[in-house]
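Working notes, beginning with the structure itself.
All values below were derived from every heavy atom in this structure, side-chain atoms included, with hydrogens, water molecules and symmetry-related copies excluded.
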Amino acid sequence: MNNLVLVVEDDKYISNFINMSLKQEGYGILSTINGNEALNLFYANNPDIVILDLGLPDIDGLDVIKKIREISNKPIIVVSARLEEQEKIKALDLGANDYVIKPFYMGELLARIRVAKRMLEMNNSEELNTFEKDYLYIDFISREVQIDHKNIHLTPIEFNLLKLLIEHRGKVLTHNYIQKRIWGYEDSSNQNALRVF
């Protein structure tokens with residue numbers, strides 16, 4: 001099945017260019033110029049990948065990331081003219097998977113979409129029941145963890161952290177993202193606790 005991509009971009013020229021390129025690659029397209037409509041389209045159609053500009057006419061793109069992350073882990077690729085490192089960090093901390101700075105080459109954006117697509121396929125094929133690597137074995141249903149065939153006791157938070165890291169193996173996760181997923185909120189004073197765990 002072809003992946004459905006939601007393109008949120010208020011520059012008509014860039015939007016048309018992205019849409020046309022994606023159609024040629026066989027992707028399904030949903031397209032809008034503003035954030036609130038993007039959220040409505042996301043809730044209604046559950047697209048596979050989101051390409052998101054941050055500078056939207058109605059709400060900030062960062063708010064769109066926040067709202068999507070409340071309900072979904074679908075890949076979000078930010079395409080923005082905002083060059084400041086802080087903006088990039090903020091977008092990634094809120095849960096964006098990638099950040100492309102305008103102007104960009106379409107070939108690069110398509111490559112990043114393919115990476116997002118692989119992530120999506122990995123996540124879909126791996127509704128993990130068990131995980132095994134070298135000396136580590138985990139049964140996610142019974143919450144059993146073994147090292148070298150010996151049972152290891154983990155607290156609920158330790159177990160949830162281990163599961164989160166395994167689900168996102170190969171990716172860098174920020175403190176804020178981990179805290180939000182494990183504790184349900186961000187709190188910079190909690191970073192020491194996170195390091196201990």
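A salt bridge does not link D60 with K66: none of the charged nitrogens is closer than 4.0 Å to a carboxylate oxygen.
No side-chain heavy atom of D134 sits under 4.5 Å from any side-chain heavy atom of L136. Annotation: side chain of D139 is not in contact with side chain of N129 (no heavy-atom distance under 4.5 Å). The shortest side-chain heavy-atom distance between I49 and I113 falls under the 4.5 Å cut-off.
For the residue pair N19 / S31, a side-chain donor-acceptor distance below 3.5 Å is found, with atom types taken as modelled. Checking S15 against E9 by side-chain atom types alone, no donor-acceptor pair falls below 3.5 Å.
I71 and V8 fall within the same hydrophobic cluster, where Ile, Leu, Val, Met, Phe, Trp and Tyr residues are linked whenever their side-chain heavy atoms come under 4.5 Å apart, directly or through other members.
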Practice item. Evaluate the criterion side-chain contact (heavy atoms from CB on, under 4.5 Å) for residue pair L54 and V78; output intermediate values, then yes/no. Key: CA-CA 7 Å; L54 294 182; V78 171; 3.6 Å; yes
Review point. Stepwise, does the side-chain contact (heavy atoms from CB on, under 4.5 Å) test hold for N34 with T32?
Key: CA-CA 6 Å; N34 63 54; T32 180; 4.1 Å; yes
Exercise for review: Check step by step if side-chain contact (heavy atoms from CB on, under 4.5 Å) holds for Q146 and I138.
Suggested key: CA-CA 6 Å; Q146 292 181 355; I138 302 165; over 6 Å; no
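The side chain to side chain contact (heavy atoms under 4.5 Å, CB included) test applied to E158 returns L154, T155, F197, not counting sequence neighbours. Partners of H175 according to the ring-ring contact (aromatic ring centres under 6.0 Å, His included) rule, which considers only residues two or more places apart in sequence or in another chain, do not exist here. Considering only residues two or more places apart in sequence or on other chains, D11 meets the side chain to side chain donor-acceptor pair (under 3.5 Å) condition with none of them. Taking the side chain to side chain contact (heavy atoms under 4.5 Å, CB included) definition, one finds that E132 meets it with Y137, sequence neighbours left out. In this structure, the side chain to side chain contact (heavy atoms under 4.5 Å, CB included) partners of V100, at least two apart in sequence or on a different chain, are I77, V79, F104, L109, R112. For the side chain to side chain donor-acceptor pair (under 3.5 Å) test, no residue two or more places apart in sequence or in another chain qualifies with E25.
Atom-to-atom distance recorded for D63:CG and L56:CG is 9.5 Å, nearest 0.5 angstrom. Once rounded to the nearest 0.5 Å, the distance linking CG of N45 with CG of L30 reads 4.5 Å.
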